[in-house]
Amino acid sequence: MPKDGPQPVERELPTDESRDLLGLVRDLVQREIKPVAAEQEAAGVFPRETFRLLSEAGLLGLPHPEEYGGGSQPYQVYLQVLEELAAARLTVGLGTSVHSLSCHGLAHFGSKEQRTEWLPDMLGGGLLGAYCLSEPSSGSDAAALRTRAVRDGDDWLLNGTKAWITHGGVADFYTVLARTGAEGAGGITAFLVPADAQGLSAAAPEHKMGLNGSPTAQVHFDEVRVPDTRRLGDEGQGFAVALSSLDSGRLGIAACAVGVAQAALDEALAYTAEREQFGRPLADFQGLRFMLADMATRIEAGRALYLAAARRRDAGQPFARQAAMAKLFCTDAAMAVTTDAVQLLGGYGYTTDFPAERYMREAKVLQIVEGTNQIQRMVIARHVAGPERRS
């Protein structure tokens, strides 16, 4: 390992502007996020001021159009920003990804009038979003959702409960998928709901094994009145909105996973270079060197996979299969890398004195959110082997 310790990731960036952007992000991370990450995560502190700072710096709207206050950055650049944020603190990286996911429906399916009215504040006005698809009885089977929206003149009345909502209770707006028609995927419509809508409330946050600074809560809708002007896309188009959002969101999760894995590798490299046993640094023992080599290889492979998918997206090519592969591989790799990092630190890895145990706890959730890895395997299999034949 270099004498100065772990080095910054060598990134493939398309322009001088994007290289400057990554430099800005790294400076912000070192000043504002990383120094307080462990303390705030242990205390369960939600970093709202950090998100305001990211918004002011233009980092919450990077992949969205510049004409509406976004950064118009290619996805391959945006995802590498996410990776840097997640490596410093997953609560921030994942929160940024979820916010972008929450803006996706409006940015891609909203009318020009809707985008002009609401998108600038969502992208750079200090607001924070949440994405409401999952429910207590419909997680992986998202098309079975029961939250219902019923027409009432020029409005809709929303009733139901959403579950596992990142930023539930602290978001300023919610992108909500609700049933407006018959059972199945074709009866779902998307809505943009402000957090202060009457009848909208959030339950107490879930108690989780990791990501303690990121609130995850149920969100309740009790006769919430939403004007039809806040419907995103056509009536019955909601499931297409959801799938389109998730394809992009899965790349965000993949990038966050690589960030967590990179942080764990850096911690393991620093520890094994300094810690001596039998008169030699741990990093000199072949068995441990091989572990470090495997960790680094998984990270490089994951980064290459998510960037390849991002370039397809940037080029306007289909990328759903590649997004599922990236989410699957990168999150499994993060779980393996963080587990090995704990092992390399030995007893210290199991204590809260070092961040390795936090990385391992945080990596686990990335195998679950935005489609479990079992769902990713189903998606990939349908692309490579065709749809299942049911008897």
Side-chain angles (χ1 to χ4, degrees), residues 1-11 26 29-31 33-44 80 83-94 208-213 254-306 328-367 373:
M1 189 183 79
K3 292 181 180 180
D4 294 334
Q7 300 297 300
V9 174
E10 294 183 6
R11 299 203 174 277
R26 284 172 171 167
V29 159
Q30 292 301 321
R31 287 188 294 105
I33 301 176
K34 196 169 183 178
V36 297
E39 179 183 356
Q40 291 194 352
E41 280 300 315
Q80 293 187 79
E83 185 190 327
E84 293 279 348
L85 294 174
R89 186 179 179 188
L90 182 58
T91 285
V92 177
L94 181 69
K208 310 190 298 288
M209 67 183 288
L211 275 181
N212 295 321
C256 286
V258 171
V260 172
Q262 185 68 56
L265 173 61
D266 289 347
E267 182 70 19
L269 285 169
Y271 182 84
T272 55
E274 295 174 3
R275 175 76 167 175
E276 291 190 358
Q277 292 289 280
F278 308 103
R280 300 162 59 194
L282 291 178
D284 281 354
F285 290 88
Q286 188 179 66
L288 304 189
R289 294 174 71 85
F290 283 0
M291 289 178 68
L292 293 168
D294 287 343
M295 293 161 72
T297 301
R298 286 189 175 101
I299 292 168
E300 288 285 346
R303 185 176 291 122
L305 190 57
Y306 87 62
L328 168 65
F329 183 88
C330 293
T331 58
D332 280 354
M335 194 71 248
V337 168
T338 56
T339 300
D340 281 349
V342 170
Q343 188 70 23
L344 284 166
L345 268 67
Y348 290 112
Y350 201 65
T351 72
T352 58
D353 295 333
F354 291 80
E357 58 83 30
R358 172 164 62 89
Y359 299 145
M360 187 176 76
R361 289 185 288 107
E362 291 177 342
K364 184 64 223 176
V365 76
L366 299 175
Q367 295 178 302
N373 282 6

Subject >> side-chain contact (heavy atoms from CB on, under 4.5 Å) partner of V258, the single match among R298, E83, Q80 >> reply: E83

**OP:** Drop me the distance from I299's CD1 to L265's CG, to the nearest 0.5 angstrom.
**Re:** 4.5 Å

Subject >> Nearest heavy-atom neighbours spanning M295 and D340 >> reply: SD-CB, 3.8 Å

Subject >> Distance, nearest 0.5 Å, that separates CD of E357 from OG1 of T351 >> reply: 7.5 Å

**OP:** Measure across Y271 and L282 and return the closest heavy-atom pair with its distance rounded to 0.1 Å.
**Re:** CE2-CD1, 3.8 Å

Subject >> Derivation and outcome, side chain to side chain contact (heavy atoms under 4.5 Å, CB included), residues L344 and L292 >> reply: CA-CA 9 Å; L344 284 166; L292 293 168; 3.6 Å; yes

Original post:
Is K208 atom NZ crowded by more than 12 heavy atoms from other residues, nucleotides or ligands, each under 6.0 Å away?
Top reply: yes

Subject >> Identified side chain to side chain donor-acceptor pair (under 3.5 Å) counterpart of T91 within the set E41, Q40, E362 >> reply: E41

Subject >> F285, CZ: over 12 other non-hydrogen atoms inside 6.0 angstrom >> reply: yes

Original post:
Which pair of non-hydrogen atoms, one from A37 and one from A88, has the smallest distance, and what is that distance?
Top reply: CB-O, 3.5 Å

**OP:** Heavy atoms only: give me the nearest V342-Y350 pair and the separation to one decimal.
**Re:** CG1-N, 4.4 Å

Subject >> CG on L211 to CG on L366, rounded to 0.5 Å >> reply: 7.0 Å

Original post:
Using 4.0 Å as the upper bound for N to carboxylate O, is an ion pair formed by R358 and E267?
Top reply: no

Original post:
Could you state the interatomic distance from CE (M291) to OG1 (T339), rounded to the nearest 0.5 Å?
Top reply: 9.5 Å

Original post:
Do you know which two heavy atoms are closest between A356 and L345, and how far apart they sit?
Top reply: CB-CD2, 4.1 Å

Original post:
Could you walk me through whether R361 and L90 pass the side chain to side chain contact (heavy atoms under 4.5 Å, CB included) check?
Top reply: CA-CA 11 Å; R361 289 185 288 107; L90 182 58; over 6 Å; no

Original post:
Shortest non-hydrogen contact from G302 to C330?
Top reply: O-SG, 3.3 Å

Original post:
Where do K34 and R89 land on the side chain to side chain contact (heavy atoms under 4.5 Å, CB included) test, with the steps shown first?
Top reply: CA-CA 7 Å; K34 196 169 183 178; R89 186 179 179 188; over 6 Å; no

**OP:** Find the distance between OG1 (T272) and CG (D284) and round it off to the nearest 0.5 Å.
**Re:** 9.0 Å

